[in-house]
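This report concerns only the one structure given below.
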Protein chains: 2
Amino acid sequence: MAGRRVTINDVASLAGVSIATASKALNGRQDVRASTRERVLAAAAELSFQPNALARGLLSGQTRTVGLLTSDSVGRFGIPVLLGAEDAFGAGEMAVMLCDARGDAIREQHHLRALLSRRVDGIIVVGESTNPRPSVSKDLPVPVVYAYGPSDDPEDVSFVPDDVGGAAMAVEHLLALGRRRIAHVTGPRHYKAARDRAEGLRIALEAAGCEQAGETLWGSWSQRWGRHAAEMLLMAEPGVDAVFCGSDQVAAGFVEAARERGRSVPGDLAVIGYDNWEVLSTETRPALTTVDMNLELLGRTAAQHLFAAIDGRATPGVHRMPCHLVIRDSTAAA
Amino acid sequence: MAGRRVTINDVASLAGVSIATASKALNGRQDVRASTRERVLAAAAELSFQPNALARGLLSGQTRTVGLLTSDSVGRFGIPVLLGAEDAFGAGEMAVMLCDARGDAIREQHHLRALLSRRVDGIIVVGESTNPRPSVSKDLPVPVVYAYGPSDDPEDVSFVPDDVGGAAMAVEHLLALGRRRIAHVTGPRHYKAARDRAEGLRIALEAAGCEQAGETLWGSWSQRWGRHAAEMLLMAEPGVDAVFCGSDQVAAGFVEAARERGRSVPGDLAVIGYDNWEVLSTETRPALTTVDMNLELLGRTAAQHLFAAIDGRATPGVHRMPCHLVIRDSTAAA
DNA sequence: CCCGAGAACTAAAAGGTTTTCGGAAACGTA
DNA sequence: TACGTTTCCGAAAACCTTTTAGTTCTCGGG
């Protein structure tokens, strides 16, 4: 804590020039003599002058600040997206205002107003799931892009992981290993992520002319459900040689229960997870082969497109970002 | 996206008053006739006027914005602190600017300058561990409080979890259950958290006139290490009847390996973790008794004290926030 | 009808910066 | 010397809001 804030006026006085000249010198403008510029720069350094971003923003109408609105408590999936965005912005001297609406629409409106009154240049809305969410962009004076959870308005700009493609990739991996009796254990049906991943499985199996082993088992995103499903499945479909799980939590539970039932993974049973949540996927035994949604890249891309939109080059529509497969020890040839 | 921004001038014109009157009406000041106020409010609503926070901040010198500087990628521990802070601020119409320095001192300085140039009213620095970190507060024009990771300058305001107390609480619980041969498996020695928790253990044992079973096993914060330590410990100290683990990850690995070695938890062996990281502590079998550091409360408290410091009522020193014990199934009477 | 008091309103300044435009100085050319 | 051209610098406006210090209006009492 220290004294009064130093303004460009102080710098100008110390350098013995007008504030106009000081401004030009500090901003690298042309029409100022080299020696003068040096004097100003020296004065600024001596006073450790920091231009007032408020004044600058008031004048230019640009705050170089964006709002990051998360709909649910910055969760599992929000974090990497946020990090990626922060990364992209950080590079360009942008600042990020973080607002967490806690899943409450009222609070969301409130935060939205707060962001607008602070004159952010743009807003990223980070969803808690890949289910489409109500658009906030109607009649907003700034561009908005949606990350992870898309807007329900197709005119908006949204970035989501390509879960269908990611799931297909996982299943193709299993098929390439010679697995043919593939089962699917996943989360609740009301999650679009769960439905999309089941759809990717269906597509990959159909392309290979292969039947799914048993019905898809819908449950919750928990380890407990994975264990439970393993018990049911190993009983009902003893011939299964591979399981595609809708999340790493489910997969972790599944391999644990399978091991306890004496099934070797990946020998008897290849298992694939989803999310690449490292605390789980690398700590199970064996470590999980899993699908990584590249969430940080997704966040970074969303941020870059927000930049573009701020510059008036918007790219409407839902953009699906490719996933990639992380191969560990839970899958191997039959 | 829509047209030009509406200013108080537009509102005043529409209401047929001067901007001074409009301002007073909007801010609930006294000397304006009720009917006039109504007209202004109606006009503001019709134009959906949002006061420009930049202009307001420029004038008042208060931006109602705080900076949140995290030293490491908003991690495991940063999140809850951040959430708590955001919560406390949200209530008071404050906005939060999030900066992630990625553990890089240069980047930290950069973010710090950015925050100051944006004229934040205060800054919270969130550490990645409880190890003291270099102070950033020297000669800053705004107050700073440190959360989770304390500043190395005792003049600064820091809030940290009371790990010594938390560990003692855990061990007292084990003692109350009649356990007497208590071992300790924890993370790397260069973590103050690990050292503090070992110290809490020592104090509690000493107070009970009890000896620790074996030496403290220092390792890493991983499940893998927990499993490994379990194998070593059960071999070397077969008489152990309780284990205090330095983190839930270690504890999760420990109980898993113990189960596999045929030791029943909590029957043969009571196990306590630390952190209450729910994805682990509730999903292990049995679910883990563990110490919760109340990180959200810690964040909220730090935020409230930042408010106080902004109002000139600072409270220097390192404040230790109490932890609490979450009792689940991994502990029971001997 | 005038006066005075109080209520209601407005003009103007302030906050810090950038930008535009006009002016001054320096210099070269006729 | 007179004039034109560059080069460099400074005054002032603009951004939007709040606040201060007036100014006008209203109305009751004399």
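To find a chain, count down the sequence lines: A is the first, B the second, and so on, and within it residues start at 1.
For B/A20, taking side-chain heavy atoms from C-beta onward, the closest of the listed nucleotides C/dT20, D/dT19, C/dC9 is D/dT19.
Distance alone, capped at 3.5 Å, is enough to place a donor-acceptor pair between the A/N131 side chain and the A/K192 backbone. Counting only distance, with no hydrogens or angles, the side chain of B/E86 and the backbone of A/D100 share a donor-acceptor pair below 3.5 Å. One N or O on the side chain of B/R39 and one on the backbone of B/A15 form a donor-acceptor pair closer than 3.5 Å. The backbone N or O of B/R313 sits nowhere less than 3.5 Å from a side-chain atom of B/D311 that would complete a donor-acceptor pair. Of the possible donor and acceptor atoms, one in the side chain of B/D152 sits under 3.5 Å from a partner among the backbone N and O of B/S135.
Looking at heavy-atom distances under 4.0 Å, B/R37 makes no contact with the nucleic acid at all. Heavy atoms of B/S60 sit nowhere under 4.0 angstrom from any nucleic acid atom.
Remark: A/E38 does not engage A/R33 in a salt bridge, criterion side-chain N to carboxylate O under 4.0 Å. The pair B/R320-B/D163 fails the salt-bridge criterion, with no side-chain N (NZ, NE, NH1 or NH2) lying under 4.0 Å from an Asp/Glu carboxylate O. Using a cutoff of 4.0 Å between basic side-chain nitrogens and carboxylate oxygens, B/E155 and B/K138 are not scored as salt-bridged.
When the side-chain nitrogen and oxygen atoms of B/T36 are compared with OP1 and OP2 of C/dC9, one or more of them lie within a distance under 4.0 Å. The phosphate of D/dC25 has neither OP1 nor OP2 within less than 4.0 Å of any side-chain N or O from B/R33. Between A/R29 and the phosphate of C/dT19, there is a side-chain N or O to OP1/OP2 separation shorter than 4.0 Å. Residue A/T21 places no side-chain N or O under 4.0 Å from the OP1 or OP2 atom of D/dC9.
As a whole-Å value, the separation of A/D31 CG from C/dT19 P is 11 Å. Rounded to an integer number of Å, the gap from B/K24 NZ to C/dC9 C1' is 7 Å.
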Output one line per pair: protein atom, nucleotide atom from nucleotides 14-17 of chain C, and distance, for all N/O pairs under 3.5 Å.
residue : atom : partner : partner atom : Å
C/dG16  : N2   : A/A55   : O            : 3.4
C/dT17  : OP1  : A/N52   : N            : 3.1
C/dT17  : OP2  : A/I8    : N            : 2.4

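By the neighbour-count criterion of 12 heavy atoms within 6.0 Å, atom CZ of B/R107 is densely surrounded, having more than that number from other residues, nucleotides or ligands.
The C1' atoms of five pairs define one axis at each end of the helix from C/dC1-D/dG30 to C/dA30-D/dT1, and these two axes lie 80° apart (to 10°).
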